[in-house]
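Working notes for the structure below.
Here the structure is a predicted model, which means the values were calculated and not measured.
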Amino acid sequence: SFYSFSHKSSGINAEYGLATYTMSVRAKKSGLSADIQKKLEAKYNLDQEKQCRAWIEEVLGEPLSAQEVGMHNFASCLKDGQVLCRLLNTLNGETLIKKINTQKKAIK
């Protein structure tokens, strides 16, 4: 569909007796943005991603969090930097990065 609706919260407003809804609307990319997205997706090599995933998992001795193959899934499991920090420490043989932030939120 053209719009996606997200029902984040609902409730009854006691003062007015109305139900409240939060709506999230995001249209599909079009024009130049759509063309650029198509080019990026066409250049993405799933075989290279699978090789990188296998190598990272072998070096770390554990599976990556997102197991679905695809550009956005692979990026999301590397995005917070935890995997990359552990990989660097493992490859170096000694701890270069002593404290790795494991919190989900960036702001405390």
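When every heavy atom of Glu68 is checked against every heavy atom of Glu49, the shortest pair comes out as O-OE2, 4.3 Å. Looking at every heavy atom in both residues, Phe74 comes nearest to Cys52 through CZ-CB, 4.0 Å.
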Donor-acceptor pairs under 3.5 Å, side chain of residues 81-92 to any protein atom, not counting sequence neighbours: which ones?
from	atom 1	to	atom 2	distance (Å)
Gln82	NE2	Asp80	OD2	3.2
Gln82	NE2	Asn101	O	3.1
Arg86	NH2	Glu62	OE2	2.6
Asn89	OD1	Leu96	N	2.9
Asn89	OD1	Ile97	N	2.9
Asn89	ND2	Ile97	O	3.0
Thr90	OG1	Arg86	O	2.8
Asn92	ND2	Glu94	O	3.2

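Checking each of Gln37, Lys38, Lys43 against Glu41 for a side-chain hydrogen bond (donor to acceptor under 3.5 Å, both in side chains) leaves exactly one that passes, namely Gln37.
When hydrophobic clusters are built by joining Ile, Leu, Val, Met, Phe, Trp and Tyr residues whose side-chain heavy atoms come closer than 4.5 Å, directly or via intermediates, Trp55 is grouped together with Leu46. Hydrophobic clustering (ILVMFWY, side-chain heavy atoms < 4.5 Å, transitive): Leu78 and Leu60 are in one cluster. When hydrophobic clusters are built by joining Ile, Leu, Val, Met, Phe, Trp and Tyr residues whose side-chain heavy atoms come closer than 4.5 Å, directly or via intermediates, Leu64 is grouped together with Met71.
In this structure, the side chains of Lys50 and Asn45 stay at 4.5 Å or more apart for every pair of heavy atoms.
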